[in-house]
Structure formats: C-alpha cells, structure tokens
J.: 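This is the structure I have questions about; it appears just below.
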Amino acid sequence: TLTRGTGIASAVFDGYRPDFKASTEGHGDVDLGAATVTLPADNPMLLPGTTIEVELEPVDLGAWVNVAAGLVLGVFEDARQVGTATVLER
C-alpha cells in the first residue's frame, strides 16, 4: 500500500517514479532507488492523505533483493519524504 503524505499539495498519477528508502522504523536508512508506480485502473490518481494498493517496478531490482512483505518504506521526492509504503507481497 502507498500513502501519499498529507503535507503534499499535488496528486500523483500512473507512472509516478519516486525514490524509496527502507528501514525497520520507516525513516529511510537504506536507499533502494527509484521505482515506477502503477496505479489501479479504477483509481488513476493518488490524492494527498489517501492510501491505495499499487504495483512497483524497481529501476534496480538488485537493490530490492532483501525487501520482504511487511517492510515499511519511506517514499521520497528529492530529499523530502512525501509518503510511506508497506510491502504487502513479493
């Protein structure tokens, strides 16, 4: 699931490509790099403050090798954390 932070003023659309960082506390200690977000066909935009199930396609699959279900990821645009993601399945 991906949650778009409430402090962000704009929606994102299919093909959004933020950076993801992982840690056991969700603060983003390990840089996983960018991943392309695919939104569900019936929900073509993610509004600030909402949560939605999405599919991710990592740019560098090797960086994601240790990512497991249940891990909380920080979602970043440049150096700013703009949301969180919880891995539901691998």
J.: Checking Val59 now: which residues fulfil side-chain contact (heavy atoms from CB on, under 4.5 Å) with it, not counting sequence neighbours?
T.: Arg17, Ala34

J.: What distance separates Arg90 CZ from Asn66 CG, expressed to the nearest 0.5 Å?
T.: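 Going from the CZ atom of Arg90 to the CG atom of Asn66 covers 8.5 Å.
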
J.: Just by distance, do the side chain of Asp60 and the backbone of Gly62 share a donor-acceptor pair under 3.5 Å?
T.: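 Yes, the answer is positive, given that a donor and an acceptor are paired below the 3.5 Å cut-off.
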
J.: Out of the candidates Val87, Val30, Thr86, only one should pair with Leu73 under the side chain to side chain contact (heavy atoms under 4.5 Å, CB included) rule; please name it.
T.: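 Among Val87, Val30, Thr86, the one that satisfies the side chain to side chain contact (heavy atoms under 4.5 Å, CB included) with Leu73 is Val87.
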
J.: Does anything in residues 41-63 pair up under ring-ring contact (aromatic ring centres under 6.0 Å, His included), and if so which pairs, sequence neighbours excluded?
T.: none

J.: About how many Å separate CD of Gln81 and CZ of Phe76, when rounded to the nearest 0.5 Å?
T.: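 Answer for the CZ-CD pair, Phe76 versus Gln81, is 4.0 Å.
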
J.: Between Thr38, Val54, Leu46, Val37, which is the residue that forms a side chain to side chain contact (heavy atoms under 4.5 Å, CB included) with Asp14?
T.: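 Between Asp14 and the candidates, side chain to side chain contact (heavy atoms under 4.5 Å, CB included) is satisfied uniquely by Thr38.
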
J.: About how many Å separate NZ of Lys21 and CG of Leu32, when rounded to the nearest 0.5 Å?
T.: 10.0 Å

J.: With rounding to the nearest 0.5 angstrom, report the OH to OG1 distance, Tyr16 to Thr36.
T.: 11.5 Å

J.: Quick one: which residue pairs count as a ring-ring contact (aromatic ring centres under 6.0 Å, His included) with a foot in residues 42-73, not counting sequence neighbours?
T.: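 Every pair satisfying ring-ring contact (aromatic ring centres under 6.0 Å, His included) with a residue in residues 42-73: Phe20-Trp64.
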
J.: According to side-chain contact (heavy atoms from CB on, under 4.5 Å), who are the partners of Asn43, at least two apart in sequence or on a separate chain?
T.: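 For Asn43, the residues satisfying side-chain contact (heavy atoms from CB on, under 4.5 Å) (neighbours in sequence not counted) are Pro40, Ile52.
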
J.: So, for Leu88 and Ala69, which heavy atoms are closest and what is the spacing to 0.1 Å?
T.: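 Of all heavy-atom pairs spanning Leu88 and Ala69, the closest is O-CB, 3.6 Å.
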
J.: Within this structure, what is the CG-CD distance for the pair Asp19 and Glu77, rounded to the nearest 0.5 Å?
T.: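 Separation between the atoms: 9.5 Å.
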
J.: Quick one: closest heavy-atom pair of Leu56 and Ala35, and the distance?
T.: CB-CB, 4.3 Å

J.: With the side chain counted from C-beta on, respond yes when Leu39 and Pro44 share a heavy-atom pair under 4.5 Å apart, and no when they do not.
T.: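 Leu39 does not reach Pro44 side chain to side chain.
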
